[in-house]
Amino acid sequence: MSHEHVSYLELLARGAATEAYDRPVLLARASGAGPEELAGLEEAKQLALRVRAELEGRRRREAELSALFATAHDLAGLRDLDAVLRAIVQRARSLLGTEVAYLSLNDPVAGDTYMRVTEGSVSARFQQVRLGMGEGLGGLVAQTARPYVTDDYFRDPRFQHTRAIDAAVRDEGLVAILGVPLTLGSQVIGVLFAADRRARVFEREQVALLGSLAAHAAVAIDTANLLAETRSALAELERANDIIREHSAVIERASEVHDRLSELVLRGGGVHDVAHAVSEVLGGTVEFTEEGAGSARRAGSHAVREGDDWVAAVSAGGETLGALVLHGQPDLDPVDQRTLERAALVTSLLLLARRSAGEAEQRVRGELLDDLLDAPDRDRRLLRERAARLRTDSEAPHVVLAARIDRAAGDGAEADAGGRESADRQRLWSAASHLAATRHGLASARDGGTVLLLPLGPGESAADLARQTARSLGGALREPVTVGASAPVRTLLDRPDQVAVAYQEARRCLDALVLLHRSGQGAAAEDLGFLGLLLADSRDIDGFVGRTIGQVVAYDRRRGTELVRTLDAYFASGMSPARTKDELHVHVNTVAQRLERVGRLLGPDWQSPARALEIQLALRLHALSDAVTGT
């Protein structure tokens with residue numbers, strides 16, 4: 001191998017520039033080499049240049065294949081479409097050696113093409129430009145689905161030049177532009193560009209390379225769209241599954257509440273048991289209320305929403321008995337709404353059953369009391385058995401109470417008076433029957449009002465029971481109820497005739513309360529002073545004296561004082577302390593001190609006309625009692 005050939009091999013080995021291959025020929029010519037030697041050098045030079053071109057092409061193809069492989073790798077791990085497209089545009093600029101590369105996508109809604117990714121661009125106008133179909137080089141590529149190249153854009157008449165596009169290209173300073181289509185099947189979805197700010201010719205291999213990158217970009221876009229559609233389908237499927245699970249859960253809840261309500265009805269559960277069961281199934285708090293069912297009544301049999309609550313009317317035969325109210329579940333599924341409505345229906349059935357049983361028991365209680373009042377000669381053994389079935393303690397002391405609603409004259413239209421009185425009697429009987437059932441007593445409608453036979457509680461007096469009954473019935477009816485009570489009946493079934501006698505006493509006490517303008521109150525004879533003494537059948541004189549002046553009598557007995565004698569002299573002297581001291585032959589201060597003591601024992605109102613009259617009567621009865629007993 002000659003020295004000259006070695007020189008060319010060294011140039012090839014170090015990748016020298018094309019100009020360096022002329023140096024061996026020039027040196028040989030300068031040293032006086034002959035024509036034959038120069039011709040050989042020239043031939044070796046051309047061979048070396050061909051080898052250099054071949055090696056350069058191989059290196060370029062290797063770089064292109066490496067870039068295409070990297071792009072395919074990006075597609076395999078596609079996560080971010082913008083990142084993949086940006087990498088493709090960067091490789092296009094690098095491999096083609098252009099100053100700018102960019103990618104545009106078609107907008108099917110607007111009917112034009114817009115910039116998606118740019119690399120090497122410095123003009124904001126260029127980065128935001130939109131090309132109509134057929135406008136500019138990119139518009140032509142998008143319209144025809146074929147690559148287009150120009151070495152001088154502004155002098156090329158093949159493109160439809162517009163002021164906006166030309167202004168954007170001029171701002172960026174572009175001259176030579178290559179554009180290849182991004183296609184999916186037969187549809188063009190965008191254009192991939194490589195451009196320089198100087199005139200240049202793009203070779204066929206460069207056009208093919210850019211086309212390969214464009215194909216990868218189209219695949220990336222298609223893959224991203226498929227991924228998006230897949231994610232959307234998965235999301236829809238997940239939502240559908242959620243709906244299915246939710247409906248399944250609702251159906252399970254409905255089945256559960258059906259089973260639980262059926263079990264409750266079969267084992268005799270109550271209204272609050274139903275509310276508790278539905279609360280657990282629906283996950284909120286359900287309560288039964290007799291108030292506030294107005295909106296539910298207007299909605300008929302459907303549950304209605306009131307604020308954050310749901311209300312279902314509990315009704316039967318057109319009568320609203322109350323409502324089930326669900327708290328804590330404002331967004332209620334329609335199936336759960338039906339569940340609440342079904343629970344309201346079950347509640348109405350339970351209430352009707354309870355009402356029927358209660359009315360039957362009330363009738364039985366009323367029949368027993370009617371027999372005690374009207375037929376006391378009935379078989380006492382049978383009466384005792386009937387009382388036991390009603391859980392009435394016949395051995396306990398009882399009080400007979402007469403109750404009546406008394407309205408002032410002119411209260412209500414006269415035309416409606418008869419109907420109103422009938423309704424009043426029915427309401428009063430219903431409330432009295434309920435009270436009698438809760439206290440293990442008896443009740444019956446009688447003489448325009450109601451009669452009750454109630455047991456006395458520990459430490460309770462007839463007067464206490466009368467006042468308590470008036471408050472209870474008045475509260476239930478929301479209007480005043482007057483109640484008169486008899487003295488306690490100690491032997492209820494041993495002497496049944498005493499019940500009728502006690503009822504007459506209770507009625508006289510009731511009439512006395514009305515005459516004394518004390519309607520709406522409850523009282524026994526002992527509350528009415530000397531009037532009670534006249535009304536009571538027992539004529540309990542000692543009890544009247546004890547209630548009226550008993551404390552004064554007891555004080556005299558304990559202390560040996562003469563307060564009773566002083567009181568008698570005081571009233572006999574016309575309530576004059578001066579005349580009283582003459583009658584008693586004591587100092588007036590002594591009279592004053594004794595009367596002050598009396599006031600502390602009897603209360604500050606002892607000299608009022610009504611109290612004074614009762615005290616004088618009690619003094620007379622006390623004197624008669626002492627005379628009879630010889631004390």
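The first residue in the sequence is number 1, and the count goes up from there. Just the heavy atoms: all of them, side chains too, but no hydrogens, waters or symmetry mates, feed the values below. Remember, predicted model here, so these are calculated numbers, not experimental data.
Judged by distance alone, the side chain of T580 and the main-chain N or O of S576 form a donor-acceptor pair under 3.5 Å. Within the 3.5 Å criterion, the main-chain N or O of T566 finds no donor-acceptor partner in the side chain of R594.
D568 is linked by a salt bridge (charged side-chain N to carboxylate O under 4.0 Å, His left out) to R620, counting only residues two or more places apart in sequence or in another chain. The side chain to side chain contact (heavy atoms under 4.5 Å, CB included) search around D605 returns S608, R611, not counting sequence neighbours.
Of the charged side-chain nitrogens involved, at least one lies within less than 4.0 Å of a carboxylate oxygen, so that D424 and R427 count as a salt-bridged pair. Using a 4.0 Å cut-off between charged side-chain N and carboxylate O, D464 and R467 make a salt bridge. Taking 4.0 Å as the cut-off between side-chain N and carboxylate O, E596 and R600 count as a salt-bridged pair.
Nearest heavy-atom pair, A502 versus V489, reported as atom, atom and distance to 0.1 Å: CB-CG2, 3.7 Å. Closest non-hydrogen pair, G457 versus E460, comes out as N-OE1, 2.7 Å. Across all their heavy atoms, A476 and A431 have their closest contact at CB-CB, 4.2 Å. Closest non-hydrogen pair, A402 versus A506, comes out as N-CB, 3.8 Å. For the residue pair G520 and P480, the shortest heavy atom distance occurs at CA-CB, 3.7 Å. Contact detail for A466 and A524: the closest heavy-atom pair is CB-N, 4.4 Å.
Partner H398 forms a side-chain contact (heavy atoms from CB on, under 4.5 Å) with one of L453, V499, L442, L452 and no other, that one being L453. Paired with L473 under the rule side-chain contact (heavy atoms from CB on, under 4.5 Å), one option of T450, L435, L401 passes, and it is L435.
Ring geometry, W606 versus Y570: the interplanar angle falls from 30° to 60°, so the pair is classed tilted.
Atom-to-atom distance recorded for L602:CG and Q551:CD is 6.5 Å, nearest 0.5 angstrom.
The shortest side-chain heavy-atom distance between T469 and R439 does not fall under the 4.5 Å cut-off. The side-chain heavy atoms of L601 and L563, taken from C-beta on, include a pair separated by under 4.5 Å. Using a 4.5 Å heavy-atom threshold, the side chains of R404 and T482 count as separate.
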Step by step, would you call W429 with R425 a side-chain contact (heavy atoms from CB on, under 4.5 Å)? CA-CA 6 Å; W429 173 78; R425 285 194 295 270; over 6 Å; no
Begin with the C-alpha distance, continue with both residues' side-chain angles, and end with the deciding distance and a verdict on side-chain contact (heavy atoms from CB on, under 4.5 Å) for V399 and L454. CA-CA 6 Å; V399 172; L454 300 180; 5.8 Å; no
